[in-house]
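Below: one structure, written as structure tokens.
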Protein chains: 2
Amino acid sequence: MPFEKSPHPAARELLTEQAQDALAGISELVRLPAHQVLYRQGESADCVYNIVGGAVLTYELLANGNRHITAFLFPNDLLGLSTHGAYIATAETLSPVVAYRIPIDALRDTLTHDPTLSVGLVLKLCHDLRDAQHHAITLAENAAHARVAGFLLWLRDALKSPADPLCLPMARQDIADYLGLSVESISRALHLLESEAAILRVGPRQIRLLDLDKLASFSGLDA
Amino acid sequence: MPFEKSPHPAARELLTEQAQDALAGISELVRLPAHQVLYRQGESADCVYNIVGGAVLTYELLANGNRHITAFLFPNDLLGLSTHGAYIATAETLSPVVAYRIPIDALRDTLTHDPTLSVGLVLKLCHDLRDAQHHAITLAENAAHARVAGFLLWLRDALKSPADPLCLPMARQDIADYLGLSVESISRALHLLESEAAILRVGPRQIRLLDLDKLASFSGLDA
DNA sequence: CGGATAATTGATCTCAGTCAATCAACGTGG
DNA sequence: CCACGTTGATTGACTGAGATCAATTATCCG
């Protein structure tokens, strides 16, 4: 939604400062250790969270026992919104996290009074929707190395850290459950990308993206 | 977001009557023939559409020439929202369509004045986000017949037509591009589901869902 | 009725999953 | 400080589900 055509903020900062302030007024700052559950799928959705620092993932457990990761969330991301009063997914911290915890009632009240927040929230949701659709496109791409290449580029963007050794905040299994692949396929894809000199594995959690263009062409999603 | 916990409207009618009225006041009713482009990916996003009747699909063209369908849209669905002033996908009618065309500027103005609309819009976007995540989960499920079974159940729900012969508004190729499969795999999956007495193909576009429980267990997504 | 398009069926091959083993990294306790 | 055990990551061999290519059948619309 082109509410702000030219001076658009960075993709992940769609909640304007005013909106952030409005939210801060009704929220509580919480600090959480790594690998802590924020909320569980099916629980009554009482609060939403606005991440300040750290990384979070959300997942759903399927009937067959598979775990499907629906999103990785980073600073300025919002999570916990749902339509029918119950959380859709389970949310877990990947690292120590600092976040605003916002009671849903307070959010609703603020929303009905403060139009500024509305616009920011709508923009944020549009972005998240776009992200989810992009995720779906990645999953529809059948080639494993294409999914992994796309994932690395997406992560680089999401982390806003062009810091050369890209730091993965999640384990291989998390990437696998996000991309719909096995951990072994993730390894093989990384091996392939490395052998093609597109990346360099410094450590299991540190990857240098050597050739962004090559990665983009591997991902098949660009231009 | 549990803005309305108990008396929640049907999933596809999250825009309240008030919100619908607010939108109707600033919009123009348009009628379009089948297989007409509403807008193209990359164009300036000037209008959003609220579907009254008919079916629409949105897709993105990838670098490798593949077409990925991001959504099928039906009455009460909203499309055309984007974050940065340009449409993300191309939208095409599947059938003759009646829709409200809403200038984005008018929507923004209304949004900053009418909190009712805000809440409705946020709810709608939450629903769409959930739908996109569900789509991603379907794509991550590797079994072709599982995807097709899930798709049929989803479509039945989306069409709000328990009318026994389920009418598919889209072609096999559309289903394939939505589920990340080949047309042949769609056929084979339907054949399998039919041989298991879960469905019955009346015609290419008419399918009777004989055993919803069996379909659900094939889909593997339910509880 | 006839041509064009869509849908189905068949045969083959490729790629990712699975099972299994190896290797590396890290933290613990002796 | 180092041996050890546990966990996570990688690599290898094999299998199976879906893509692809090709041919046939069905359906739509003039």
Side-chain angles (χ1 to χ4, degrees), chain A residues 34-35 57 62 64-68 94-95 138-152 166-196 199-207 218 220, chain B residues 33-35 57 62 64-68 94-96 138-152 165-196 199-207 218-220:
Chain A
H35 309 294
L57 62 77
L62 307 182
N64 38 314
N66 285 355
R67 181 183 71 151
H68 180 83
L94 278 167
S95 63
T138 301
L139 290 173
E141 285 292 310
N142 32 19
H145 56 271
R147 299 191 204 183
V148 174
F151 174 75
L152 290 174
L166 184 68
C167 292
L168 309 182
M170 72 290 286
R172 292 287 186 274
Q173 187 64 59
D174 297 327
I175 302 176
D177 289 347
Y178 183 70
L179 295 181
L181 297 168
S182 62
V183 276
E184 294 92 332
S185 290
I186 305 292
S187 274
R188 282 186 247 273
L190 289 174
H191 179 76
L192 173 69
L193 293 175
E194 192 167 34
S195 74
E196 295 282 343
I199 65 170
L200 191 143
R201 281 182 286 186
V202 180
R205 299 265 184 139
Q206 298 229 331
I207 295 181
F218 269 121
Chain B
H35 308 294
L57 63 76
L62 308 181
N64 37 313
N66 285 355
R67 181 185 69 150
H68 180 82
L94 278 167
S95 62
T138 300
L139 290 173
E141 285 292 312
N142 31 19
H145 56 270
R147 298 191 206 183
V148 173
F151 174 75
L152 290 174
L166 183 68
C167 292
L168 309 183
M170 72 291 287
R172 293 287 186 276
Q173 186 64 59
D174 297 327
I175 302 177
D177 289 348
Y178 183 70
L179 294 180
L181 297 168
S182 62
V183 276
E184 295 92 333
S185 289
I186 304 292
S187 273
R188 284 186 244 272
L190 290 174
H191 179 77
L192 173 70
L193 294 174
E194 192 168 32
S195 74
E196 295 280 344
I199 65 169
L200 192 144
R201 280 181 286 186
V202 180
R205 298 265 184 141
Q206 298 227 331
I207 295 181
F218 269 120
S219 84

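Reminder, nothing fancy here: chain letters follow the sequence lines and each chain counts from 1.
Ion pairing between a basic and an acidic side chain is recognised when a charged N comes within 4.0 Å of a carboxylate O; A:Glu141 and A:Arg147 show no such pairing. Contact check on A:Arg67 versus A:Asp174 returns a salt bridge, with a Lys/Arg side-chain nitrogen under 4.0 Å from an Asp/Glu carboxylate oxygen.
Put simply, CG on B:Asp177 is 13 Å from P on C:dA6, counting in whole angstrom units. Atom CZ in A:Arg205 sits roughly 9 Å away from atom C1' in D:dG8 (whole-Å rounding). Nucleotide C:dT14 holds its P atom 15 Å from the NE2 atom of A:His145, rounded to whole Å. If you take CG of B:Leu179 and P of D:dA17, they are 19 Å apart, rounded to a whole angstrom. Atom CD1 of A:Ile186 is separated from atom C1' of D:dA9 by 12 Å (rounded to the nearest Å). Residue B:Arg147 contributes atom CZ, which lies 14 Å from atom P of D:dA17 at whole-angstrom precision. Whole-Å rounding puts the B:Ile207 CD1 to C:dT8 P distance at 8 Å. Regarding B:Leu192, its CG atom lies at a distance of 12 Å from the P atom of C:dT9, rounded to whole Å.
Residue A:Leu181 is classed as a sugar-phosphate contact, given heavy-atom separations below 4.0 Å to backbone atoms only. Within 4.0 Å (heavy atoms only), B:Arg201 reaches sugar-phosphate atoms of the nucleic acid but no base atom.
A residue-by-residue look at A:Ala171 and A:Asn142 shows that A:Ala171 has its nearest nucleotide of DNA chain D further toward the 5' end.
A donor-acceptor contact shorter than 3.5 Å is absent between the side chain of B:Gln206 and the backbone of B:Leu166. A donor-acceptor pair under 3.5 Å links the side-chain atoms of A:Arg172 to the main chain of A:Pro204, judged by distance alone.
Note on B:His191: a side-chain N or O is less than 4.0 Å away from OP1 or OP2 of C:dT9.
With a 4.5 Å cut-off on side-chain heavy atoms, A:Ile207 and A:Val202 do not count as touching.
Among the nucleotides C:dT18, D:dA19, D:dA9, the one closest to the side chain of A:Glu184 is C:dT18. Closest to the side chain of B:Leu190, from the set C:dA7, D:dT20, C:dT8, is C:dT8. Residue B:Ala143 places its side chain closer to D:dG18 than to any other of D:dG18, D:dT10, D:dT27.
Put simply, the side chain of A:Arg188 and the base of C:dT18 share a donor and an acceptor less than 3.5 Å apart.
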